[in-house]
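Written out below as structure tokens is the structure these notes cover.
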Amino acid sequence: MKKELSERFQRYRHVWVFVEFEHGKIHPVSLELLGEGRKLADQLQVELAGIVLGSGRAELDEAARAAFSYGADVVYLADDPVLANYRNEPYTQVMTALVNAYEPEIVPSGRHGPGPRPGRRRRDDAKTGLTADCTELAIDGERSLAATRPTFGGSLLCTIHTLNYRPQMATVRPRVMAMPEAQPGRTGRIVEFKVDVAEDSIITKVLDFLPDTANEAEQMAFADIVVAGGMGLRSAENLGLVRDLAAVLGGDWGGSRPLVQKGWIPSDRQIGQTGKTIRPRLYIAAGISGAIQHRVGVEGADLIVAINTDPNAPIFDFAHVGIVADAITLLPALTEAFGRRLSVNRMAS
Amino acid sequence: MQIFVCIKQVPDSGQIRVHPVTNTIMRQGVPTIINPYDLFGLEEALRLRDRFGGQVTVMTMGPPMAVESLRKAMTFGADRAVLLTDRIFAGSDTLATSYALAQLIRKAGETWGEPDIVFCGKQTIDGDTAQVGPGIARRLGLSQLTYVSGIDDLDMVDRKILVRRRGDHGVQVLRSVMPVMITMMEGSNEIRRGTQADALRAAQAEIVQWNGAAAGIEDTAMCGLRGSPTVVKKVFAPTARAEKAEKIATGTETPAALAETLIDAIFTRQPVLQADLLQQAATH
Ligand SMILES: Cc1cc2nc3c(=O)[nH]c(=O)nc-3n(C[C@H](O)[C@H](O)[C@H](O)COP(=O)(O)OP(=O)(O)OC[C@H]3O[C@@H](n4cnc5c(N)ncnc54)[C@H](O)[C@@H]3O)c2cc1C
Ligand SMILES: Cc1cc2nc3c(=O)[nH]c(=O)nc-3n(C[C@H](O)[C@H](O)[C@H](O)COP(=O)(O)OP(=O)(O)OC[C@H]3O[C@@H](n4cnc5c(N)ncnc54)[C@H](O)[C@@H]3O)c2cc1C
């Protein structure tokens, strides 16, 4: 069933990354996508663009600078009060207008919790395809985006193409792609885009914003060290052992999905396919079997250490260091030993 | 008020098995459930109905066996259920699915009254794209409120609705106007048990079944595989890591001795991490 790309769609060129920021903070997933977009653009020999929407020139210029230093050649910038707080109506309208005006070939966007995501709404206006939660983006021999994503909870992978529609859209979760190296001082072109959306036409109004005082779990995805517990820990109380070890290492903690279902940990601490993807330098999994849905969320870690009583647990297939032991007794011993080694150094210096 | 709730029948997540040789999904005998995220919308719908009066209609697009999920939804207290089922929908991606569901909602609106609110789940546990709710809203011109953690106020006269919406770094307080498509955050409520009377009613209820034509779908090119821009080209199993884990032998060692061995193994492999940790400890 080969689908031919129509002449109109053959005009579509360039790779676009939507640069998300909320209350002045650029979401790291946008930088990760710029890194990935750079590779696609180079391969296709086209430009990489960053899309920066918001209200307030200083903030937008800063986002544009970040986009350039992470690989963008050009930034499409729209500055308008209607874009002040993310609301999907005006963002979608502006994104649609931009796409219609400049006809990009590939538009990857971030997918994570509730933040700005005009990506998937765009998909409906454009009547094009969108591949969700991709773990790999590549270009095939026919200049088509090959987007690979886990299916059926990660037990299989599938490669999806958007054959006879443009742009080709994909979403990617945070931490799935590596964070590229910033190149400070790198610059590019800014194209200002005039917004034609009246505030009166937008039905939804933002009345208030209540910032989180300490949304610690949000940080988990970005921690250098993550310790996680699974059903092998047998009780909610034993998760204290995981938290203690994380604390002594200055890291963060999480768990497998059954712990969320049992109510032992909040859902934003779930690691894996339907939870958070992490890419720490050190990941310690205690009492976690290593189901594929868990594996896809941790595979990017530099060093995976598994503690499990079952020598045949699947986690040993992808851990770098494995230890067949009872986590309930080993975790406190590890906390103690790490604490001692690290404090020795404090006294010495 | 009229409230529509879209639910999807999905395989019970814990029980999906992949055939070890053929790498295909073994669906036979896998129990199905209502997508867990859809129940938060259903409960919210039932609460609103209990407060303001009206009806809750549950709807799904799927194979004939999806009536089971609709019946289940009725045991919680939904007033009626409708199934959209037709061969033409086979192979739908999210674009084709939101088209079909939007048509279903149109037809249901003509039949039982226009919806004030359409609830969708935040995402499903199988396809997991989170695209269908926004897709429906877009097609029907509904305003949309996603990731809602609570409905604070609803004014049936002015048709205004006030909600809290989870953002990345906080909660937005939003005011919008009905008709609206809402997806609820998980944990925002808990599905009720349903009464004995509901269970009885559900068991006897006749569940409305429409095919494409009955739902007013004329353009079959928008449906199923034909109406789906995404094409799955390849399905494959993840590759195993070539190198096996370095196993730390355990015999009669005490946990304390094991801990030392493990830390040595970690630091040998990650000397930079070790240095950074020591540095960090020293400066704190
Ligand atoms: C669509 C879908 C999405 C999913 N998404 C996710 C997800 O995002 N994240 C996720 O984690 N899971 C997810 N799952 C669930 C996943 O399939 C597994 O069921 C889950 O990861 C298992 O959790 P676990 O390893 O903690 O528990 P179990 O599989 O029960 O494993 C417990 C492990 O602990 C070991 N053990 C027992 N006692 C001890 C002890 N004293 N010390 C050390 N080890 C011990 C056992 O040998 C066993 O290996 C998903 C499933 C589906 C179908
Ligand atoms: C493993 C897998 C991967 C897939 N990947 C993609 C992909 O990358 N791109 C793509 O376009 N399609 C994809 N599909 C197809 C997609 O899942 C189907 O189109 C599906 O019908 C709807 O998408 P979803 O399950 O992701 O729903 P979501 O968009 O996650 O669902 C959100 C809500 O919409 C409502 N809803 C969804 N489907 C129905 C229904 N049939 N009846 C009633 N209400 C419903 C429910 O309220 C649900 O909670 C994939 C399917 C599978 C099984």
Side-chain angles (χ1 to χ4, degrees), chain A residues 22-23 88 113-115 120-121 123-125 128-133 152-153 155-163 165 203-212 215 250 267 274 281-282 292 303 305 316-325 329-330 333-334 337-338 341-343 345-346 349, chain B residues 13 16 18 23 25 93-95 98 125-126 128-129 131 134-135 138-139 143-144 146-147 166-177 186-187 229-238 240-241 245-248 250 255-256 258-260 262-263 265-266 269-270 273 277-278 280-282:
Chain A
E22 194 177 44
H23 297 273
N88 41 38
R120 54 178 203 240
R121 295 253 332 237
R123 191 266 291 138
D124 288 281
D125 289 341
T128 186
L130 189 157
T131 307
D133 297 340
F152 290 100
S155 18
L156 289 174
L157 296 168
C158 65
T159 303
I160 297 181
H161 292 247
T162 296
L163 287 187
Y165 298 80
I203 293 169
T204 302
K205 307 287 178 200
V206 179
L207 302 186
D208 202 358
F209 179 78
L210 318 164
D212 290 331
N215 189 5
S267 62
T274 47
R281 295 164 73 186
L282 171 63
I292 183 71
L303 183 68
V305 175
F316 292 126
D317 293 343
F318 62 93
H320 302 93
V321 176
I323 182 159
V324 181
T329 55
L330 185 57
L334 268 175
F338 266 122
R341 288 208 198 186
L342 298 175
S343 68
N345 182 261
R346 181 173 329 171
S349 63
Chain B
S13 60
I16 298 175
V18 175
N23 269 335
I25 308 297
D93 75 355
T94 55
L95 190 75
S98 32
I125 61 167
D126 60 347
D128 185 25
T129 63
Q131 293 173 26
R138 201 76 196 127
R139 285 165 193 284
S143 48
Q144 56 171 309
T146 49
Y147 296 91
R166 186 99 273 274
D168 274 339
H169 306 289
V171 172
Q172 285 181 325
V173 180
L174 296 175
R175 193 184 59 216
S176 197
V177 177
E186 63 272 24
T230 58
V231 176
V232 178
K233 275 210 170 168
K234 195 168 77 177
V235 178
F236 56 103
R241 198 199 289 281
E246 170 191 345
K247 279 265 182 60
I248 293 176
T250 55
L258 275 178
E260 296 296 338
L262 183 54
I263 294 174
I266 292 172
R269 281 175 169 260
Q270 292 285 321
L273 181 71
L277 275 174
L278 290 170
Q280 199 182 317

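All of these numbers come straight from a predicted model, not from anything done at the bench. Throughout, a chain's letter reflects where its sequence line sits, starting with A, and its residues are numbered from 1.
- Taking the side chain as every heavy atom from C-beta outward, A/Leu303 and B/Leu273 never approach each other to under 4.5 Å.
- With respect to chain A, the highest number of heavy-atom pairs below 4.5 Å among B/Ala256, B/Ser143, B/Ala265, B/Ala259 belongs to B/Ala259.
- Interface check for chain B: of the options A/Cys158, A/Ala337, A/Gly322, the most heavy-atom pairs under 4.5 Å are formed by A/Gly322.
- Counting heavy atoms from C-beta on, the side chains of A/Leu342 and B/Leu278 come closer than 4.5 Å.
- A pairwise comparison of heavy atoms in A/Thr159 and B/Phe236 identifies OG1-CE2, 3.4 Å as the closest pair.
- Only the side chain of A/Ser267 has a heavy atom closer than 4.5 Å to any heavy atom of chain B.
- For the pair B/Thr129 and A/Leu130, the minimum side-chain heavy-atom distance is 4.5 Å or more.
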inquiry  = Determine whether A/Leu330 and B/Leu262 satisfy the following criterion, side-chain contact (heavy atoms from CB on, under 4.5 Å), listing intermediate values before the conclusion.
reply    = CA-CA 10 Å; A/Leu330 185 57; B/Leu262 183 54; 4.3 Å; yes
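- Counting heavy-atom pairs closer than 4.5 Å to chain B, the top residue among A/Leu207, A/Thr162, A/Val305 is A/Leu207.
- Heavy atoms of B/Gln270 lying under 4.5 Å from chain A belong exclusively to its side chain.
- Heavy-atom distances place both the backbone and the side chain of A/Val206 under 4.5 Å from chain B.
- Scanning all heavy atoms of the two residues, the minimum distance from B/Leu258 to A/Ala325 falls at CD1-CB, 4.1 Å.
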